[in-house]
Every structure is written in structure tokens, then in C-alpha cells.
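Worksheet: the structure to be examined is printed underneath.
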Amino acid sequence: MPGSGGIGRRIYGMTEGWPREERFGLAGQMERTALGIPSNITVIEKVFALMSGMLEAA
């Protein structure tokens with residue numbers, strides 16, 4: 001998905017000014033989630049392509 005890598009940068013920018021104690025709480029969770037989104041999209045695209053190929057072969 002084009003631009004999905006920008007999600008992580010935007011989340012890090014949003015949480016940058018949060019209090020230090022939040023860096024390991026909600027901010028950290030948001031950042032980890034944002035980094036996982038592009039990876040999950042890539043996996044879904046690969047599974048979809050694999051399944052499409054299987055359906056065409058059937």
C-alpha cells in the first residue's frame with residue numbers, strides 16, 4: 001500500500017512531545033503498532049496473491 005510507511009513517522013511525530021512517562025506506555029504501544037502496519041499489509045498482499053494464483057489454477 002503506497003504511503004503505509006509514513007504512518008510510523010507520523011505516529012512518532014505525534015508522540016514526540018508527550019511526557020517521558022508516557023513514552024513507555026501508550027506512546028510506545030502506538031509506535032510499535034504503527035511500525036507493524038506496513039508489515040501486516042505486505043503479508044496480506046502476499047497471501048492474496050498466493051490465493052488468487054491457486055484459484056486460477058483450479
Side-chain angles (χ1 to χ4, degrees):
M1 172 179 240
S4 61
I7 293 171
R9 285 188 291 276
R10 289 193 342 230
I11 294 292
Y12 271 85
M14 286 174 40
T15 59
E16 190 174 46
W18 287 18
R20 182 169 173 78
E21 59 272 8
E22 283 298 327
R23 297 297 299 155
F24 301 104
L26 181 58
Q29 185 175 357
M30 289 174 64
E31 291 166 355
R32 288 188 301 276
T33 301
L35 292 175
I37 291 171
S39 298
N40 292 339
I41 291 171
T42 300
V43 169
I44 290 168
E45 289 174 340
K46 288 180 181 180
V47 169
F48 181 75
L50 178 64
M51 292 177 75
S52 293
M54 291 174 139
L55 291 173
E56 289 175 4

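When reading the values below, keep in mind they use all heavy atoms of this one structure, side chains included, and skip hydrogens, waters and symmetry mates.
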Note to self: Working note: Ile41 + Glu45, criterion side chain to side chain contact (heavy atoms under 4.5 Å, CB included); need CA distance, chi angles, decisive distance, verdict.
What the structure shows: CA-CA 6 Å; Ile41 291 171; Glu45 289 174 340; 3.8 Å; yes
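For the atom pair CZ of Arg32 and CD1 of Ile37, the computed distance is 13.0 Å after rounding to the nearest 0.5 Å. How far CZ of Arg10 is from CE of Met30: 11.0 Å, rounded to the nearest 0.5 Å. Here the CG-OG1 distance, from Asn40 to Thr33, works out to 9.5 Å after rounding to the nearest 0.5 Å.
In the hydrophobic clustering (ILVMFWY side chains linked at under 4.5 Å, chained through shared members), Met51 is joined by Val43, Val47.
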